[in-house]
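Just so you know, residue 1 is the first one in the sequence shown, and it goes up from there. All values derive from a computational prediction rather than experimental measurement. Below, each value reflects all heavy atoms present in this structure, side chains not excepted, and no hydrogens, waters or symmetry copies.
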Amino acid sequence: MITFTPLSGAARSARTIPLAYLLKVDDVQILLDCGSPDWCPERASSSAVKEEDLAESSFHWEQYCQALKEHAPNIDLVLLSHGDLAHSGLYPYAYAHWGLKAPAYTTLPVQAMGRIAATEDVEGIRDEEEVEDESTPSNDDSDIEGIQENENGEDQILSSASEGRVAKGKPRKYIATVQEVHDAFDSLNVLRYSQPCHLQGKCQGLTIIPFNAGHTLGGTIWKIRSPTAGTLLYAVDMNHMRERHLDGTVLMRSSSGGGAGVFESLLRPDLLITDADRANVTAARRKDRDAALLDCITSGLTSRNSVLMPCDASTRVLELLVLLDQHWSYSRLKYPICLLSRTGREMLTFVRSMMEWLGGTISKEDVGVEATDSKGGKGGKRKRADDDGDEDALGAFALRFKHLEFFNTPAALLQTYSSKDPKLILAVPATLSHGPSRALFAEFAETPDNVVLLTGRSEPGTLGRILFDKWNDSQRDDTKWDRGKIGNNVMMDGVLRVKINTKVPLQGAELDEYLQKERAAKEQETARKVAQARSQRILEADEDESESDTDSDSDEENEVERALGDDIMDTSEGRGGSINSFNETKPKRKGGKRKDVDGADWSGLGLDDEGLTKQILSYDIYLKGNVSKATSFFKSQDGQTHRFRMFPYIEKKRRVDEYGETIDVGMWLRKGKALEEDAESEEVKEARRRKAEEEAKPREPPSKFISTEVDVQLACRLLFVDLEGLHDGRAVKTIVREVNPRKMIVVHAPPAATDALVESCAAVRTMTRDVFSPTQGETIQIGQQTNSFSISIPDELLASIKMSRDVSLVSQAPLFPC
């Protein structure tokens, strides 16, 4: 039996992002994707937010996050299909705080791109506002201060306690830390395309196979094979078109006869889970879209204006970079291309190391140039440098990006280029909800004839979606974005109120107060550590040692010292000189043994035979008293017994109390710590090394977060060109018809698109009638509960079985139900 529940991104929903679905196959619970919403939607004070969207835009993720938090500890398997925030953004937080420790599988590019996208999002939000951790209560007092505007529009400082009281009516933001992002994505298991993986443990019997989905680098269609439920196919956010850096999905490929075909192993699954987000969309031709994009950019730059293109941090920005780099090289443009992202360099470094995953027009054989020697000839080796400045480094020429420049912050960009210099700016994130793209838009949109170029619709409730709706509403009916035509750019006017969050350093009295509190906190921490160390020393100290044992040990130690002193005195008197003079000239020892002294010249030391005997005895072994004289073995001449001792060894007595032998607590603690260090895996050591590097970084000055309301006087031009890289209505209907599943579930679609795909399936006679479109939180059951058993027959019973070819005997045999 199959049970399916959309946690987010359901069918017949106006909000289709993020994607997360709970699939239960028999007793195995599988989480399909784990996306995150945009945590910074527009507030009700924004003049562009519609009244009907206010209630939903602020708290829409609460239901999804609570449902995922409830199911996370019981999930047995996690499958991630794409490396963007909509598919894998919430996985780090769920892994660190909600117990989502189940084995997770994806492809290598999705692991890398997902890590970069999540890191960019986490750093961008935490750099602009205070994020409440899972373990921190909302009313906890802390040293960090915030600023909130009062009724008169003035900024006022609020302590964390008052912030907690104010924030009780605000939704909680579940944002991980950078370290949690790295730990979560390090735990992923990576597979290659068409590589079957036979699961073990509770998932034993299931086989998962990834296939190419297009749309993003490493995007995956998951095929799940179950011995009881059959074959399941999870295919969302596909792209049937071949792009500049990616091939199209395997679900729709050109056949030898000129038509479209489906990969043979994906035909006729028992269940197909697919999306219908664009089932009622007619996309314009790719040639027209690229031409409109490049014409808009070129015309804006040549007229001495700048162009702002909001983009994502890891996935779809690659297609934009390849397209722009080819256009710059062909047209010989000299304007700078500025990528405003903290992780831009890291992203391109990862992509250059994964050339086998790329496709499209980027040739996989074009991986470098032959190095030339000093004589002008060509060597047989290729250069393998990864430096971005080396144009001959290993990597496709189309990924070198000669015209691209990287900037971490808008301030760094303005230090290099003036606001009046024409330039193309690619800023993250694409939704303009926070980060560099939002900060730039507040000033960029006020300059006349500047161009804001959108390449995606963004999530509902964000500034990017608000601008898209403005552009789409101003178009004629036949030029809207879903009618297969390219619209026109529009001149924006009016005032748009935007909230800008920034972090500024503390100054004056605020800085003094912060430093005073910091010193007090350090003193308390130091006192706590001192008390803890003192307690540790008390535990390790041997307080149960009795006075008699101490006296006995001290007597033995003094006795050994006296014996050693007597030996030294004896040898000193026998040689008639200082003992230091002998130490400087005595023969050396090798391998712990004394060299042969028969041929040594001892006359220079003034030692007679008796003195030499004394010296050798005192050097090799320690004897108590003057034993070099001729004495009896058992007793001396005066009747006293001599004791011989080989080493100055003190036998430590075991100390006991009323419970037995006492335990050395310090020894056990040290031994346990050593065993823990030896048992650590490489991942733990790498995490500790990364943490040490973070601590070694220079500490940023004390700062605070402020929020200001800015009225932006819109004077720029606005254009939307669809470069999301997704299938359109015609493609998804063709794919579904060619795959021809026995049952189908529609997800990730608004009501109109859901109805369009369902009606298309109903119009085909050979298509199944079992098409489901569950809403968020709705659970559907497919099939019946079946139990399969494996029976082992012993050799004796197998030998007693009589085989017969008479069918009548078999039909007359009694049948016993299992």
Hey, are the side chains of [X] and [Y] touching, using non-hydrogen atoms and a 4.5 Å cut-off?
| X | Y | answer |
| --- | --- | --- |
| Leu31 | Leu77 | no |
| Pro18 | Ser8 | yes |
| Leu199 | Val28 | no |
| Val78 | Tyr95 | no |
| Val747 | Ile273 | yes |
| Met113 | Thr216 | no |
| Ile735 | Val732 | no |
| Leu79 | Thr106 | no |

Are Asp728 and Arg278 close enough for a salt bridge, meaning some N to O gap below 4.0 Å?
->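 No, Asp728 and Arg278 are not salt-bridged.
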Among Asn740, Leu233, Val739, Thr231, side chain to side chain contact (heavy atoms under 4.5 Å, CB included) partner for Arg268 |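 That would be Asn740.
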Would you check, one step at a time, whether the test side-chain hydrogen bond (donor to acceptor under 3.5 Å, both in side chains) holds for Thr220 with Ser81?
-> CA-CA 5 Å; Thr220 305; Ser81 59; over 6 Å; no
Between [X] and [Y] (side chain of the first, backbone of the second, donor and acceptor by atom type, cut-off under 3.5 Å), is there such a pair?
| X | Y | answer |
| --- | --- | --- |
| Tyr174 | Glu62 | no |
| Asp76 | Gln29 | yes |
| Thr177 | Glu180 | yes |
| Lys743 | Asp270 | no |
| Gln776 | Ala10 | no |
| Lys223 | Ser265 | yes |
| Asp26 | Met1 | yes |
| Glu778 | Pro6 | no |
| Thr249 | His240 | no |
| Asp277 | Ala749 | no |

In chain order, what residues pass the side chain to side chain contact (heavy atoms under 4.5 Å, CB included) check against [X], with sequence neighbours excluded?
| X | answer |
| --- | --- |
| Asp237 | Leu19, His82, His87, His215, Asp275, Leu726, His748 |
| Ser194 | Phe211 |
| Ala72 | Trp98, Leu100 |

How would you list, by chain and number, every residue that makes a salt bridge (Lys or Arg N to Asp or Glu O under 4.0 Å) with Arg286, sequence neighbours excluded?
-> Asp290
Rounded distance (nearest 0.5 Å) linking atom [atom1] of [X] with atom [atom2] of [Y]:
| X | Y | atom1 | atom2 | result |
| --- | --- | --- | --- | --- |
| Leu68 | Ser36 | CG | OG | 11.5 Å |
| Tyr64 | Lys69 | OH | NZ | 14.0 Å |
| Tyr91 | Arg115 | OH | CZ | 11.5 Å |
| Asn212 | Leu251 | CG | CG | 9.5 Å |
| Leu232 | Leu272 | CG | CG | 9.5 Å |
| Leu22 | Thr5 | CG | OG1 | 5.5 Å |

Does the side-chain hydrogen bond (donor to acceptor under 3.5 Å, both in side chains) test come out yes or no for Thr315 and Asp84, once each step is laid out?
-> CA-CA 7 Å; Thr315 52; Asp84 54 4; 4.9 Å; no
Would you tell me whether His198 and Gln204 have side-chain atoms, one donor and one acceptor, within less than 3.5 Å of each other?
->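 Note: His198 and Gln204 side chains miss the donor-acceptor criterion.
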Do Glu346 and Thr343 have side-chain atoms, one donor and one acceptor, less than 3.5 Å apart?
-> no
Decide ring pair (Phe, Tyr, Trp, His ring centres under 6.0 Å) for Tyr193 and Trp357; before the verdict, give the C-alpha distance in whole Å, the side-chain angles of both, and the deciding distance to 0.1 Å.
-> CA-CA 9 Å; Tyr193 284 152; Trp357 295 87; 5.0 Å; yes
Mind listing the closest non-hydrogen atom pair of [X] and [Y] along with its distance?
| X | Y | result |
| --- | --- | --- |
| Trp222 | Leu80 | NE1-O, 3.2 Å |
| Arg242 | Asp247 | NE-OD1, 3.5 Å |
| Met347 | Ala313 | CG-O, 3.9 Å |
| Val771 | Thr768 | CG2-O, 3.9 Å |
| Pro37 | Trp61 | CG-CB, 3.6 Å |
| Pro92 | Ala118 | CG-CB, 4.5 Å |

Between side-chain atoms of residues 750-765 and protein atoms elsewhere (two or more places apart, or another chain), which donor-acceptor pairs fall under 3.5 Å?
from, atom 1, to, atom 2, distance (Å)
Thr754, OG1, Arg12, N, 3.4
Thr754, OG1, Pro750, O, 2.8
Asp755, OD1, Arg12, NH1, 2.4
Asp755, OD1, Arg12, NH2, 3.3

Derivation of the side-chain contact (heavy atoms from CB on, under 4.5 Å) call for Val236 and Asp33 | CA-CA 10 Å; Val236 294; Asp33 285 331; 4.1 Å; yes
Stepwise side-chain contact (heavy atoms from CB on, under 4.5 Å) test for Leu246 and Asn239 | CA-CA 10 Å; Leu246 292 176; Asn239 187 13; over 6 Å; no
Sequence neighbours left out, what passes ring-ring contact (aromatic ring centres under 6.0 Å, His included) with Tyr234? Give chain and number order.
-> none
Show your reasoning for whether side-chain contact (heavy atoms from CB on, under 4.5 Å) applies to Ile782 and Leu271.
-> CA-CA 9 Å; Ile782 301 175; Leu271 176 63; 3.8 Å; yes
Just checking, Lys24 and Phe4: is the charged tip under 6.0 Å from the six-membered ring centre and within 45° of the axis?
-> no
Show your working on side-chain contact (heavy atoms from CB on, under 4.5 Å) between Thr3 and Val25 and close with a plain yes or no.
-> CA-CA 7 Å; Thr3 304; Val25 181; over 6 Å; no
